[in-house]
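Just so it is clear, the model here is predicted, and its values are computed rather than measured.
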Amino acid sequence: MGAQQVAERFAELYGTRPEGVWAAPGRVNLIGEHTDYNDGFVMPFALPHRTVAAVSRRTDGILRLHSADTGGGPAELRLDALAPESDRDWTAYPAGVAWALREAGHPITGADIHLASTVPTGAGLSSSAALEVVVALALNDLYDLGLQRWKLARLCQRAENVYVGAPTGIMDQTASACCEPGHALFLDTRDLSQQQIPFDLAAEGLRLLVVDTQVKHAHSGGEYGKRRAGCEKGAALLGVDALRDIPYTGLDAALARLGDEEEVVRLVRHVVTEDERVERTVALLRAGDTRAIGPVLTEGHASLRDDFRISCPELDLVVDTALAHGALGARMTGGGFGGSAVVLAEATEVDTLTKAVEEAFAAAAFTAPRVFEAVPSPGAHRLL
């Protein structure tokens, strides 16, 4: 999917060449799940899969949106009529970005947009964030807004939280906007400080596979929101601003204070231990001991499965099968209730592991999974 191809389709739709073409990637989260909205630590990296947008400005207050994945002509919206949770279609994501920019006082007067994407939807790989970030970057450049990447990510999160109505954290948009090739992004979601951690698996004879289970999930669904509300309840009961403030060494004492709040206990335990797993992973990577992060990934899956309870049979089957066939570590990634798992493996074992997972899915009568290598790739950027 090249920039010229997207630009040519834009010209067919709108009768003129676009002012520019931009790209923003999906992401896979190496470790740090459901910690971002608890002011904790995350460690995503950008995928080569990306959403590409050809965009031109308008001056009449009209937003025209078209996706290569949908039929028919462009959807036409009036900027003045945009309102939170008024749109349940894919157009809510780019429209929400325009709304958020205008709400923040930026003079967006309209746009023609054509989008094409290779980021799998519903796979826990941040297709929505890629869509939001590419539109935000394009409008930032075209309207000369001068917003830094972290600020664009914040506005995209607001678009998803308020306009779309999905209570997601800041990780996905920041990863899409800020990641660098060959690195994982160690992000503190409280102060948005970033550290780029070298993550060159190929140089060490390793691979990280993504296994898309083909089980679709939706962040705006109620279960995600319930987990977030439960975490907020736990923080309130413990008298802290966010679960980030519970030290790992003080976890047992904190859980004892929660008494018989069984569900809250589980949620708190996951978040606090997951933050510690992120910090442990960073330390191991900095020490050059990449293989040792495998068991940490597997610990994370057990916590997401047993404490946060957001796994599913397909995700568990990926992890169990991969570990049984020599993987160094494996875990679900993304928001849960479907989506994808990651598998850390020796490069020489990739074919064996892939075949084993595919055969296990066939034996369980599950839809065949999609397996591909995750290569740390660039964040959002202008193509033309």
Side-chain angles (χ1 to χ4, degrees), residues 29-44 124 150 153-154 157-158 160-162 165-175 185-195 217 219-284 293 295-311 315 331-337:
N29 194 23
L30 181 64
I31 192 76
E33 222 64 77
H34 289 269
T35 50
D36 57 348
Y37 54 79
N38 289 291
D39 283 2
F41 304 120
V42 294
M43 200 173 187
W150 69 267
R154 274 291 193 204
Q157 182 198 16
R158 176 167 168 76
E160 188 151 351
N161 288 174
V162 180
T168 55
I170 191 62
M171 174 181 65
D172 296 351
Q173 293 85 359
T174 304
L185 178 66
F186 177 35
L187 173 66
D188 182 332
T189 65
R190 170 163 282 171
D191 62 14
L192 297 188
S193 60
Q194 303 177 19
Q195 298 177 48
H217 71 173
H219 272 169
S220 54
E223 291 300 318
Y224 187 101
K226 288 179 184 177
R227 301 307 189 280
R228 181 165 185 165
C231 290
E232 291 169 352
K233 179 179 179 180
L237 290 171
L238 293 169
V240 295
D241 291 335
L243 295 183
R244 151 75 173 276
D245 297 313
I246 304 299
Y248 180 70
T249 53
L251 176 59
D252 289 343
L255 297 182
R257 289 167 55 198
L258 292 171
D260 60 358
E261 293 278 357
E262 189 266 339
E263 181 179 7
V264 176
V265 165
R266 288 189 287 99
L267 298 178
V268 171
R269 182 166 53 221
H270 165 73
V271 172
V272 176
T273 58
E274 187 79 346
D275 273 335
E276 188 273 338
R277 281 186 285 272
V278 177
E279 293 183 292
R280 207 178 343 148
T281 298
V282 171
L284 289 168
I293 73 171
V296 187
L297 303 183
T298 305
E299 286 177 28
H301 183 76
S303 182
L304 290 162
R305 180 193 64 210
D306 300 336
D307 277 344
F308 231 67
R309 299 188 180 179
I310 57 171
S311 190
L315 287 168
R331 75 171 191 93
M332 60 155 286
T333 187
F337 313 106

Take Tyr37 and Thr168 through the side-chain contact (heavy atoms from CB on, under 4.5 Å) test and state the conclusion after the steps. CA-CA 7 Å; Tyr37 54 79; Thr168 55; over 6 Å; no
Geometric class of the Phe41/Phe186 ring pair [parallel <30°, tilted 30-60°, perpendicular >60°]: tilted
Using side-chain contact (heavy atoms from CB on, under 4.5 Å), reason through Leu243 and Asp39 one step at a time and then give a plain yes or no. CA-CA 7 Å; Leu243 295 183; Asp39 283 2; over 6 Å; no
Just verifying a value: how many Å separate [X] [atom1] and [Y] [atom2], rounded to the nearest 0.5 Å?
X: Glu232; Y: Leu267; atom1: CD; atom2: CG; result: 11.0 Å
X: Ser303; Y: Arg269; atom1: OG; atom2: CZ; result: 8.0 Å
X: Leu297; Y: Arg277; atom1: CG; atom2: CZ; result: 10.0 Å
X: Gln157; Y: Thr189; atom1: CD; atom2: OG1; result: 9.0 Å
X: Trp150; Y: Leu187; atom1: CH2; atom2: CG; result: 12.0 Å
X: Arg280; Y: Thr273; atom1: CZ; atom2: OG1; result: 9.0 Å

Applying side-chain contact (heavy atoms from CB on, under 4.5 Å), run through Arg154 and Gln173 and close with a yes or a no. CA-CA 8 Å; Arg154 274 291 193 204; Gln173 293 85 359; over 6 Å; no
Please check if the side chain of [X] supplies one atom and the backbone of [Y] the other of a donor-acceptor pair under 3.5 Å.
X: Arg257; Y: Leu238; result: yes
X: Glu33; Y: Gly334; result: yes
X: His34; Y: Phe308; result: no

Do the side chains of [Y] and [X] get nearer than 4.5 Å, heavy atoms only?
X: Arg227; Y: Arg309; value: yes
X: Met43; Y: Leu185; value: no
X: Asn38; Y: Arg228; value: no

Taking all non-hydrogen atoms of both residues, which atom of [X] and which atom of [Y] are closest, and how far apart?
X: Gly165; Y: Pro167; result: O-CD, 3.8 Å
X: Val271; Y: Cys231; result: CG2-SG, 3.9 Å
X: Ile246; Y: Ala254; result: CG2-CB, 3.8 Å
X: Ile293; Y: Thr281; result: CG2-CG2, 4.0 Å

Does anything in residues 231-261 form a ring pair (Phe, Tyr, Trp, His ring centres under 6.0 Å)? List the pairs, not counting sequence neighbours. none
Criterion side-chain contact (heavy atoms from CB on, under 4.5 Å) on Asn29 and Arg331, from CA distance to verdict: CA-CA 10 Å; Asn29 194 23; Arg331 75 171 191 93; 3.8 Å; yes
Does a side-chain N-to-carboxylate-O contact under 4.0 Å join [X] and [Y]?
X: Arg190; Y: Asp245; result: yes
X: Asp188; Y: Arg244; result: yes
X: Glu261; Y: Lys233; result: yes

Applying side chain to side chain donor-acceptor pair (under 3.5 Å), name anything that partners Glu263, two or more places apart in sequence or on another chain. none
Test ring-ring contact (aromatic ring centres under 6.0 Å, His included) applied to His301 - qualifying residues, sequence neighbours left out: none
